[in-house]
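All of these numbers come straight from a predicted model, not from anything done at the bench.
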Amino acid sequence: MSEEKKSLNFLEQIIEEDLANGMSKKALRFRFPPEPNGYLHIGHTKAIGISFGLGERYNAPVNLRFDDTNPVKEEQEYVDAIKEDISWLGYKWANECYSSDYFKQLYDWAVMLIKNGMAYVDSQTSEEIATQKGTPTQAGVNSPFRDRTVEENLDLFKKMKDGLFKEGEHVLRAKIDMSSPNMLMRDPIMYRILFKEHHRTGNDWNIYPMYDWTHGESDYIEQISHSLCSLEFKPHRELYNWFRDAVYEISKADLPLAPKQREFSRLNLSYTIMSKRKLMRLVDEGIVSGWDDPRMPTISGLRRRGYTPASIRSFVKTVGVSKRENVIDVALLEFKIREDLNKTANRAMAVLNPVKLVITNYPEDQEEILLAENNPEDESASSRNVPFSRELYIEREDFKEEANRKFFRLSLGKEVRLKNAYIIKGESVVKDNEGSITEIHCTYDPLSKSGSGTEESKRKVKGTLHWVSIKHAKKAEVRAYDRLFSDEAPDSHKDKDFMEFLNPNSLEIIEAYVEPSLQNAKVGDRFQFQRLGYFAVDNDSTAEKLVFNKTVGLRDIWAKKQ
RNA sequence: UGGCCCAUGGUGUAAUGGUAACACACCGGUUUUUGGUGCCGUUAUUCUAGGUUCGAGUCCUAGUGGGCCAACCA
């Protein structure tokens with residue numbers, strides 16, 4: 001409703017320009033094209049957010065296309081996981097597409113290119129081809145097979161398809177320019193022979209098309225108007241256009257729209273690695289429990305950790321789009337999940353590092369049910385009951401026998417409030433033989449009950465502590481996570497392996513006590529454990545044994561000052 | 001015979017030739033029955049040097065710095 005002028009990112013500007021130059025808004029179409037060879041991670045959410053976001057902005061369809069041209073690395077498992085992750089993020093694709101569905105069309109077009117003298121079968125080894133390619137500063141030389149006749153090429157290519165040659169014996173190459181300053185234009189390979197079973201086409205094909213030949217033509221087949229990808233594909237654009245124009249000439253009657261590729265910088269996150277290969281190593285070497293380990297930057301890991309789709313989408317939105325190399329501070333991601341959960345997560349009390357607190361003037365057998373607000377940020381969240389009794393657990397860090405005036409918590413002779421309950425005063429401690437505190441004794445002011453409206457209850461005390469009633473508390477496992485790497489950019493060190501920067505303390509398993517209302521928490525439920533952070537019920541959780549993942553801690557100025 | 005891309009506070013992103021803005025982070029204050037939240041405030045001669053212009057972060061040239069490209073991967 002507000003008329004605030006939203007600035008356009010450079011991709012939106014390109015689209016607006018195309019629209020202004022006569023492109024119909026109805027022609028707008030985007031795609032997200034993952035290769036199903038691994039799990040999606042936070043880096044992918046940027047690409048997803050950009051293309052699906054544009055789809056939402058312009059009310060244009062967005063295809064989910066699996067770029068499945070390499071049967072050696074691709075599996076159905078990944079297809080399923082990718083679909084689940086994108087759906088979970090809340091995006092809807094117009095069509096579920098597969099490059100492998102276009103293998104026949106691609107083959108026919110390749111034959112056409114051969115007939116036009118634009119492609120040839122090369123019969124050299126890959127080493128020979130690599131050598132002849134030259135280097136970025138040195139021109140390549142032509143293959144001795146470059147001038148085969150059309151008939152010979154056609155014959156050879158068909159035999160490649162029919163499985164009459166061995167792997168590596170021949171390839172189909174585009175005939176472009178071996179002296180191009182762009183390495184990709186030096187007669188790029190279009191097809192290789194591969195006797196591998198494909199997860200969708202089985203053993204139908206003995207040759208598989210390469211990325212450059214496949215990707216742009218898949219865009220073209222789907223009539224994608226803007227094919228958006230990351231910066232490292234910039235050099236591919238020239239080839240993308242070459243292939244596209246070659247095919248467009250003969251197919252424009254049926255496929256009138258010629259797609260264009262544009263590139264943006266990918267997302268990097270501090271203290272995080274994003275390479276699929278490296279993430280795979282963490283899984284394979286057992287550093288993490290799997291792709292969905294809550295410490296992993298995968299979508300499934302973040303989901304299990306307790307991140308919400310809304311927080312991730314918001315994150316991607318504020319990260320923006322540009323062509324600059326960038327490193328986003330992981331603190332921004334954490335801010336986004338806190339921001340969301342602060343408004344949506346119900347509060348609860350849990351004690352992670354318990355010490356016993358006895359209220360000596362509270363009757364031995366007395367119990368009370370106290371009322372606790374579920375979420376002060378959400379009026380509709382109502383409240384819940386919390387049992388109170390003479391013996392409680394509080395956090396060990398919330399007590400010091402003697403403390404300076406900066407310590408707002410419990411100490412001997414000082415008063416604090418027990419959240420939703422009474423004001424108490426520290427009286428004495430009980431210690432074991434080693435001198436560590438086993439019990440804290442305090443007295444309470446019976447007139448100071450929260451919400452009672454009495455003068456005593458309105459007294460200002462400096463600190464408020466969370467607690468659980470020992471008699472009523474439930475045991476729960478809490479898994480607290482720290483960042484996986486101790487270095488800001490673990491994989492940017494040329495002389496060091498990223499594994500050297502692993503944080504040995506990235507997982508801490510805690511036996512905690514939680515208030516009884518949490519007994520009914522279901523897998524995926526998210527809570528704010530007051531004064532501690534946000535926690536989500538893990539998949540491993542059962543009615544007998546609750547398991548919580550710490551999503552992120554609360555902002556903690558006190559901890560910083562320590 | 002190398003080519004291409006990029007450069008704005010600590011980190012990101014805006015400013016579309018006309019007062020450098022927003023978010024995070026940081027630091028300080030304030031409110032608070034969460035040391036949370038909210039609210040207020042501090043933090044930049046836009047990589048350098050020339051040029052065009054009444055006026056340049058924006059356009060041009062050169063330099064500097066960073067990134068990408070030499071898989072039968074995507």
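As rounded to whole Å, 14 Å separates atom C1' of B/U1 from atom CE of A/M178. Straight-line distance from the CZ atom of A/R31 to the C1' atom of B/A74: 12 Å, rounded to whole Å. Rounded to whole angstrom, the span from the CD atom of A/E12 across to the C1' atom of B/A14 amounts to 12 Å. Computed from coordinates, the A/L532 CG to B/U37 C1' distance equals 16 Å when rounded to whole Å. In this structure, NZ of A/K460 is placed 10 Å from P of B/U31, rounded to the nearest angstrom. Between the C1' atom of B/A71 and the CZ atom of A/R173 lies a distance of 13 Å, rounded to the nearest Å.
As judged by a 4.0 angstrom heavy-atom cut-off over every strand, A/D212 is placed among residues making no nucleic acid contact. A/V321 comes within 4.0 angstrom of the backbone, heavy atoms only, and of no base. Within 4.0 Å (heavy atoms only), A/E334 reaches no atom of the nucleic acid at all. Within 4.0 Å of A/P33, counting heavy atoms only, lies no atom of the nucleic acid at all. As judged by a 4.0 angstrom heavy-atom cut-off over every strand, A/R237 is placed among residues making no nucleic acid contact. As judged by a 4.0 angstrom heavy-atom cut-off over every strand, A/E377 is placed among the base-contacting residues. No contact: A/E397 has no heavy atom under 4.0 Å from any strand. Note on A/K343: nothing from the nucleic acid sits closer than 4.0 angstrom, heavy atoms only. Across all strands shown, A/R347 has heavy atoms under 4.0 Å from base atoms, whether or not it also approaches the sugar-phosphate. Using a 4.0 Å heavy-atom cutoff across all strands shown, A/V319 reaches sugar-phosphate atoms only and no base atom. When heavy atoms are screened at a 4.0 angstrom cut-off, A/L465 is found touching no nucleic acid atom at all. In this structure, A/F407 reaches the bases: a heavy-atom distance under 4.0 Å links it to at least one base atom across the strands shown. Residue A/T214 is classed as having no contact, given no heavy-atom separation below 4.0 Å to the nucleic acid. Nucleic acid contact class of A/G451 (heavy atoms, under 4.0 Å, all strands): base.
Of the inter-residue distances, the one linking A/W213 atom CH2 with A/Y107 atom OH reads 12.5 Å to the nearest 0.5 angstrom.
For the pair A/T464 and A/T125, nearest-nucleotide mapping onto RNA chain B gives the more 5' position to A/T464. RNA chain B is contacted by both A/L418 and A/F10; A/F10 maps to the nucleotide lying nearer its 5′ end (nearest heavy atom per residue).
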Protein-nucleotides 60-70 of chain B N/O pairs under 3.5 Å:
{"unit_1": "B/G67", "atom_1": "O2'", "unit_2": "A/E325", "atom_2": "OE2", "d": "3.1"}

Considering only nitrogen or oxygen atoms on both sides, find all protein atoms under 3.5 Å from nucleotides 22-30 of chain B and state each distance.
{"unit_1": "B/C26", "atom_1": "OP1", "unit_2": "A/K560", "atom_2": "NZ", "d": "2.6"}

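Between B/G12 and B/G67, the distance separating the two P atoms is 14 Å to the nearest Å. Comparing the same atom, P, in B/C5 and in B/C60 gives a spacing of 12 Å after rounding to whole Å. Taking atom C1' in both B/G38 and B/A44, one finds a spacing of 28 Å when rounded to whole Å. Across B/A15 and B/A21, the matching P atoms stand 14 Å from one another, rounded to whole Å. For the P atom pair drawn from B/A71 and B/U46, the interatomic distance equals 42 Å after rounding to whole Å.
Relative to the ring axis of A/Y208, A/K196 does not place its NZ or CZ within 45° and under 6.0 Å from the centre. The cationic group of A/K400 lies under 6.0 Å from the six-membered ring centre of A/F407 and within 45° of the ring axis, placing it in a cation-pi geometry.
At a cut-off of 3.5 angstrom, the base of B/U34 holds at least one donor-acceptor pair with the side chain of A/Q528. For A/R531 against B/U34, a side-chain-to-base donor-acceptor contact under 3.5 Å is absent. Not a single donor-acceptor pair, N or O on each side, falls under 3.5 Å between the base of B/U1 and the side chain of A/T137.
Dense packing is recorded around NZ of A/K260, with more than 12 heavy atoms of other residues, nucleotides or ligands lying under 6.0 Å away.
Comparing B/U1, B/C5, B/G35 by their nearest atom to the side chain of A/A139 picks out B/U1. With B/G12, B/U37, B/C4 as the candidates, the nucleotide lying closest to the side chain of A/N342 is B/U37. Listed candidates were B/U16, B/G12, B/A71. Nearest to the side chain of A/I328 is B/G12. Across B/C4, B/G36, B/C72, the shortest atom-to-atom separation from the side chain of A/S126 is found for B/C72.
A salt bridge links A/D219 with A/R65: the closest approach of a Lys/Arg side-chain nitrogen to an acidic carboxylate oxygen falls below 4.0 angstrom. Between A/R459 and A/E456, none of the side-chain N atoms (NZ, or NE/NH1/NH2) sits under 4.0 Å from a carboxylate O, so this pair counts as no salt bridge. Using a 4.0 Å cut-off between a side-chain N of Lys or Arg and a carboxylate O of Asp or Glu, A/R266 and A/E232 qualify as a salt bridge.
Note on ring orientation: taking the six-membered ring where Trp is involved, the planes of A/F529 and A/F527 are parallel (angle under 30°, cut-offs 30° and 60°).
Taking 4.5 Å as the limit, some side-chain heavy atom of A/I273 sits within range of a side-chain heavy atom of A/L279.
Between A/Y211 and B/A74, no base-stacking contact is recorded for ring centres under 5.5 Å apart and planes less than 30° from parallel.
Base orientation for B/A21: anti, the chi torsion being more than 90° from 0.
Across all strands shown, B/C68 forms a Watson-Crick or G-U wobble pair, both distances under 3.5 Å, with B/G3. Taking a pair to require two hydrogen-bonding distances under 3.5 Å in either a Watson-Crick or a G-U wobble arrangement, B/C59 pairs with B/G51. Shown here, B/U30 forms a base pair with B/G38; the pair counts as Watson-Crick or G-U wobble because both key distances fall under 3.5 Å.
For A/T69 and B/A74, the shortest distance from a side-chain N or O to OP1 or OP2 is below 4.0 Å.
Screening A/F233, A/F243, A/Y191, A/Y240 for a ring pair (Phe, Tyr, Trp, His ring centres under 6.0 Å) involving A/Y211 leaves a single residue, A/F233. Of the candidates A/W205, A/F103, A/F66, A/F103 is the only one forming a ring pair (Phe, Tyr, Trp, His ring centres under 6.0 Å) with A/H198.
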